[in-house]
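In this chain, numbering begins with 1 at the start of the sequence shown. Note that ligands are numbered from 1 as they come in the structure, with each ligand's atoms numbered from 1 the same way.
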Amino acid sequence: MSLAETYTDNLRAMPSARRVLLLAGTTEAAAIARTLDGRDDLDVVASFAGATLAPRPIARHQRIGGFGGVNGLAAYLRAERIDVLVDATHPFAARMRWHAHDAATAAGTARVRVERPAWEPVDGDRWHEVDAVADAPAALDRARRIFLTTGRQELAPFASLADRWFLIRSIDPPDPLPLPHAHVVLSRGPFTVDDERALMAGHRIDTLVTKNSGGEATAAKLTAARDLGIPVVMVRRPPNPPGPLVTTADEAVAWLAGTRP
Ligand code: NAP
């Protein structure tokens, strides 16, 4: 029996439970799932895109893979009789938030977006902000040894900088790796400031490129860059659709309580 079938059977067995679809892939989504685990008034299914090869289990009911655009998601919301859609996808998951907004509107499902606050520069930071990863290479004319933390699937824009050396950090191996001079470090946060400083100093990094993901787990690289006087090319976040927006897992859980019929 598939996970989806098991989930549907469980829903039928618990007609009074409100059904929550949690769009996951972030620490906030994991925290929401943990908080809601065991509540018999809510039945939560966590959904992953499948971007990470082996996502950590966060809920008893999970599904993996896209829904097939707005129409596919709207059909899922109706078929599974979802009452609330919690969109806790990553601050840089640019498409899914709009699919969630449009599908929830079409299906008449309550929806909330959960997005952690962005990082803000502090004294000593040398940030150069750009609107998209594709704009980062143009800001790297003086850089020679570049620490790239923008994700294994967004390396292509840097292929134009074939004469530079890159340190690439990702959870899964990049495939393909379009950069001729690169060293790949596979690891998943959280990272400490000491380790980040040692990593950057050890590889003689002169510029850090990062997306403004926010959050504690990967903020240490910014402190390390500040300590070492290393400039940061910071990619700004994509915009959010209109509608309710909360910034923490606790706020999301409180928002859910407020939607109780
Ligand atoms: P995206 O551009 O917003 O979404 C691309 C497609 O992936 C969507 O159209 C949807 O496919 C599917 N999708 C996204 N999130 C999903 C979910 N939670 N459950 C089921 N399908 C989902 O997102 P992305 O940038 O490719 O990121 C994919 C996932 O990785 C997201 O869930 C995100 O939270 C996580 N993530 C992304 C980043 C990042 O930097 N982009 C970093 C960490 C984690 P259909 O249209 O077929 O439904």
Side-chain angles (χ1 to χ4, degrees), residues 3-4 7 20-33 44-59 61-80 82 84-104 106-107 109 111-116 118-119 130-134 136 148-158 168-172 174-175 186-191 209-219 221 233-241 245 249 252:
L3 265 183
Y7 175 60
V20 178
L21 176 62
L22 173 62
L23 300 177
T26 54
T27 51
E28 287 75 18
I32 293 167
V44 180
V45 63
S47 175
F48 290 89
T52 301
L53 298 181
R56 288 185 179 150
I58 62 166
H61 309 300
Q62 297 200 162
R63 61 170 302 288
I64 297 182
F67 295 91
V70 175
N71 291 342
L73 180 54
Y76 181 96
L77 295 175
R78 291 192 190 98
E80 297 294 340
I82 300 294
V84 187
L85 175 57
V86 178
D87 170 15
T89 53
H90 192 266
F92 280 86
R95 253 183 301 163
M96 198 55 184
R97 65 193 65 189
W98 293 97
H99 291 191
H101 170 271
D102 294 354
T109 307
R111 177 198 61 94
V112 65
R113 167 97 182 123
V114 187
E115 191 173 291
R116 68 187 83 127
W119 293 314
V130 295
D131 283 335
V133 173
L148 267 190
T149 63
T150 45
R152 68 186 177 114
Q153 285 161 335
E154 294 191 81
L155 299 176
F158 300 94
I168 296 166
R169 181 166 64 199
S170 56
I171 296 173
D172 297 309
D175 181 21
L186 298 182
S187 56
R188 191 197 292 256
F191 304 104
V209 181
T210 179
K211 297 192 280 196
N212 194 335
S213 298
E216 295 293 315
T218 56
K221 63 189 166 195
V233 175
M234 181 65 74
V235 183
R236 291 191 190 96
R237 294 176 172 194
N240 268 314
L245 172 73

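Distances below 4.0 Å separate heavy atoms of G66 from the following atoms of ligand 1: 11 (O), 21 (N), 45 (P), 47 (O), 48 (O). The R63 neighbourhood of ligand 1 comprises atoms 20 (C), with distances under 4.0 Å to a heavy atom of that residue. Atoms of ligand 1 found under 4.0 Å from any heavy atom of K211 (numbered from 1 in listed order, with element): 39 (C), 40 (O), 41 (N). Heavy-atom contacts of S47 reach the following atoms of ligand 1: 17 (C), 18 (N), 19 (N), 20 (C) (cutoff under 4.0 Å). Interface atoms of ligand 1 facing G69, defined by a heavy-atom separation under 4.0 Å, are 45 (P), 46 (O), 47 (O), 48 (O). Below 4.0 Å from some heavy atom of T89 lie the following atoms of ligand 1, by number and element: 15 (N), 18 (N), 32 (O), 34 (O). Residue H99 has at least one heavy-atom neighbour below 4.0 Å for each of these atoms of ligand 1: 9 (O), 46 (O).
Residue contacts with ligand 1, taken as heavy atom pairs separated by less than 4.0 Å, do not involve R97 at all. For Q153, no heavy-atom contact with ligand 1 is shorter than 4.0 Å.
In summary, the side chains of T89 and R113 do present a donor paired with an acceptor at a separation below 3.5 Å, with no hydrogens or angles considered.
E80 has its side chain out of reach of V45: every pair of non-hydrogen atoms, C-beta onward, lies at least 4.5 Å apart. Here the side chains of P57 and Q62 are in contact, with some heavy-atom distance below 4.5 Å. The closest side-chain heavy-atom distance from R116 to T27 is below 4.5 Å. When side chains are defined from C-beta on, S47 does not count as touching Y76, because their heavy atoms never get closer than 4.5 Å. T210 places a side-chain heavy atom less than 4.5 Å from the side chain of W119. Side-chain contact check for L77 versus F67: every heavy-atom pair is 4.5 Å or farther apart. Between I168 and F158 the shortest side-chain heavy-atom distance does not fall below 4.5 Å.
Considering only non-hydrogen atoms, atom 22 (C) of ligand 1 lies nearest to A49 out of G68, A49, A29. Between H90, M96, R237, it is H90 that holds the heavy atom closest to atom 37 (C) of ligand 1. Of the candidates G25, G65, A103, A24, it is A24 that places a heavy atom closest to atom 32 (O) of ligand 1.
Tested against V114 for a side chain to side chain contact (heavy atoms under 4.5 Å, CB included), the candidates I32, L245, D87 yield a single pass: I32.
Taking distance alone, with nitrogen or oxygen atoms compared against 3.5 Å, R95 approaches ligand 1 more closely than that limit. At a 3.5 angstrom cut-off on N or O pairs, L23 does not count as close to ligand 1.
The aromatic rings of H101 and W98 sit perpendicular, their planes meeting at an angle over 60°, well past the 30° parallel limit.
Heavy atoms of E154 stay at 4.0 angstrom or farther from ligand 1.
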